[in-house]
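The next block holds one structure in the form of structure tokens; read it before the comments.
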Amino acid sequence: MRMHLPETVREILRKLETAGHQAYAVGGCVRDSILGKEPDDWDITTDARPEEVKDLFPRTVDTGLQHGTVTVLMGGEGYEVTTYRIDGAYTDGRHPDSIRFTPSLEEDLKRRDFTINAMAVSERGELVDLFGGQEDLRQGCIRCVGDARERFREDALRMLRAVRFAAQLNFAIEAESFAAIAELSENLKLVSKERILAELSKLLLSDHPEKAELLYESGLAPQMATHFPGFHPDYRTATLPKEKALRFAAASEALLPAELAALLKELKSDRATAERARLLAEELKRPLPSGEAALRKRLSAIGDEAFLQLMCLKEAGYGAGGEPCSGEALAARLANLRALREGILKRGDCLGLSDLAIGGADLLALGIPKGPALGDCLRTLLDYVLEDPARNKRALLLAYAKERQNKNDRGQ
Ligand code: ATP
Ligand code: MG
């Protein structure tokens, strides 16, 4: 089999070869190219030492010299060039205690996790496949390189990677590798929460998030996080846009919003994702707004982006239990809400304080004191306008505010 590599990758390989070294594109990029997918990035493996790589290329970054990795910058992109290496003993079940460089490509390929990730391609496009990676790609099979138990015992993250690749590629995990995961699933506790979240996110954003079931079947699920059981992406999740918070909210339909927030906190998620996921989980438990005024209020409260995500969730069949209608009637309601939203946005109806025809200074001029009273008054005016956008007129709002102020003064 011959493969075609991008010109910049070939240039890097050629330069290393001309200097008397071996060099290959390796790992995920080879796997993805064989599958006909555009690789995200191209990694290169070579017998050249990091210092030799740095000497050969004018622009490099020391990405991980201790692991043998130098990033070569070329044509506006970065290419990780890593020296062939053998991993030493793994005593923490996650990282090798040490690594050593080797002149052997075979040794370097042997340390890789799965056969489909352990292939290399030369500058001339010749494929090096020592462990049957091509055949496993054809069969749709995730299989460890070498003894599965040993490989998962070395690095527990590989168990989660196996499930993640199964979801990304719609592959099955080979029986012996799967049995090894089931046996060693408890070792997942050796993996940092950040790495668990990173893998889980890739799984969730894949074409087959329903493959998360493998986490339950293998016994990995209880090791993921306290509230993890309750996280169940299914065939509906796959129909959703590939947005993290959106898919987390979907997959966690069985969890309370506070439990989902706790799950994401435990996994050390960024705040924005956690807050959006929680908001969507809360919104899913509420009935949809009914009528245009209610819709404006909801848009004002949660913002258009979150509202659109909520619509996607509802359209995919999430949160249907909270609605009085179901099936076709629900679909019609959702279509109607989308149409109403279009109208609201097209007309430019006031949806926030900054769209109000009057502002804080006008209220101060009316004698409303600075502080909470002013904020209260503005929000009341906003509610009044959300009810009917035609009310967003300066004179009308000033009169409304004055009347409200007089009532307050009279203690009504
Ligand atoms: P993607 O980048 O799409 O997530 P990938 O296969 O490129 O997939 P990376 O994490 O970028 O995955 O790793 C690059 C290569 O390094 C892999 O293809 C594999 O050969 C090797 N590798 C990565 N992580 C491990 C690991 N934990 N154990 C063994 N080999 C690994
Ligand atoms: Mg990669």
Side-chain angles (χ1 to χ4, degrees), residues 5-6 9 24-46 63-64 67-71 77-90 92-97 99 102 105-121 127-134 136-137 142-171 173 177 180-181 184 187-188 190-192 194-208 211 220 242:
L5 303 180
V9 175
Y24 296 84
V26 72
C29 59
V30 177
R31 176 199 68 221
D32 289 346
S33 306
I34 296 178
L35 290 172
K37 297 186 187 175
E38 183 76 26
D40 293 334
D41 41 36
W42 290 84
D43 294 331
I44 291 159
T45 189
T46 177
T63 308
H67 305 114
T69 304
V70 171
T71 300
E77 304 251 8
Y79 299 85
E80 285 196 357
V81 179
T82 304
T83 307
Y84 294 166
R85 66 174 212 233
I86 300 176
D87 294 334
Y90 283 77
D92 68 356
R94 176 66 192 92
H95 311 94
D97 302 340
I99 61 115
T102 166
L105 171 65
E106 181 174 352
E107 291 290 346
D108 184 77
L109 294 178
K110 253 198 220 161
R111 74 171 170 88
R112 295 172 186 272
D113 47 6
F114 307 113
T115 60
I116 58 169
N117 287 347
M119 292 181 276
V121 179
L127 183 72
V128 181
D129 176 14
L130 306 177
F131 311 107
Q134 270 184 106
D136 283 339
L137 275 184
I142 315 274
R143 182 197 310 270
C144 288
V145 174
D147 183 75
R149 263 173 209 80
E150 210 174 289
R151 306 315 307 282
F152 291 133
R153 207 173 282 130
E154 286 173 349
D155 178 0
L157 178 66
R158 291 172 187 156
M159 300 190 286
L160 203 45
R161 282 172 61 89
V163 178
R164 182 260 280 195
F165 285 120
Q168 286 182 322
L169 304 172
N170 195 20
F171 278 20
I173 301 175
S177 299
I181 298 178
L184 295 166
N187 279 14
L188 193 68
L190 302 170
V191 177
S192 74
E194 288 89 340
R195 292 309 297 260
I196 291 182
L197 179 62
E199 291 300 323
L200 188 61
S201 301
K202 287 185 182 178
L203 182 159
L204 194 56
L205 296 178
S206 73
D207 285 342
H208 293 277
K211 290 266 183 185
L220 288 169
K242 293 185 173 177

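As the structure lists them, so they are numbered: ligands from 1, and atoms in each ligand from 1. As the structure is a computational prediction, the values presented were derived from the model and not from experiment.
A donor and an acceptor atom, one from each side chain of Thr63 and Thr69, are nowhere located under 3.5 Å apart.
Relative orientation of the Phe114 and Phe165 rings is perpendicular, given thresholds of 30° and 60° on the angle between their planes.
Ion pairing of Arg112 with Asp87 is absent here, as no side-chain N (NZ or NE/NH1/NH2) approaches a carboxylate O to less than 4.0 Å. Salt bridge annotation for Glu150-Arg153: absent, with no cationic side-chain nitrogen under 4.0 angstrom from a carboxylate oxygen. Salt bridge status for Asp136 with Arg143: present, with a side-chain N to carboxylate O gap under 4.0 Å.
Of the heavy atoms in Asp155, only side-chain atoms (C-beta onward) come closer than 4.0 Å to ligand 1. By the criterion of a heavy-atom distance under 4.0 Å, neither the backbone nor the side chain of Gln168 is placed next to ligand 1.
For atom 10 (O) of ligand 1, the closest non-hydrogen atom on the protein side is Arg161 NH1, 3.0 Å. When only non-hydrogen protein atoms are considered, atom 4 (O) of ligand 1 lies nearest to Arg164 NH1, 2.8 Å. Counting only heavy atoms of the protein, atom 11 (O) of ligand 1 lies nearest to Asp43 OD2, 4.4 Å. In terms of protein heavy-atom proximity, atom 20 (O) of ligand 1 is closest to Asn117 O, 2.8 Å. Arg112 NH1, 3.8 Å is the protein heavy atom nearest to atom 15 (C) of ligand 1. Taking atom 30 (N) of ligand 1 as the reference point, the nearest protein heavy-atom neighbour is Asp113 N, 3.2 Å. The nearest protein atom to atom 7 (O) of ligand 1, hydrogens excluded, is given as Gly28 CA, 3.5 Å; this is a heavy-atom distance.
Within the 4.5 Å cutoff, the side chain of Trp42 has heavy atoms near those of the Leu5 side chain. Residues Ile86 and Arg111 have side chains not in contact (no heavy-atom distance under 4.5 Å, counting atoms from C-beta outward).
Between the CE atom in Met159 and the OG atom in Ser177 there is a gap of 12.0 Å [rounded to 0.5 Å]. Taken to the nearest 0.5 Å, the CG atom of Leu160 stands 9.0 Å off from the CD1 atom of Ile181.
Residue contacts with ligand 1 include Phe165, since one or more of its heavy atoms lies under 4.0 Å from the ligand.
With distances taken over non-hydrogen atoms, the option nearest atom 6 (O) of ligand 1 out of Arg151, Arg158, Lys202, Arg31 is Arg31.
For atom 2 (O) of ligand 1, no protein non-hydrogen atom is found at a distance below 4.0 Å.
The Arg111 neighbourhood of ligand 1 comprises atoms 29 (C), 30 (N), with distances under 4.0 Å to a heavy atom of that residue. For ligand 1, the atoms lying closer than 4.0 Å to a non-hydrogen atom of Gly27 are 18 (O).
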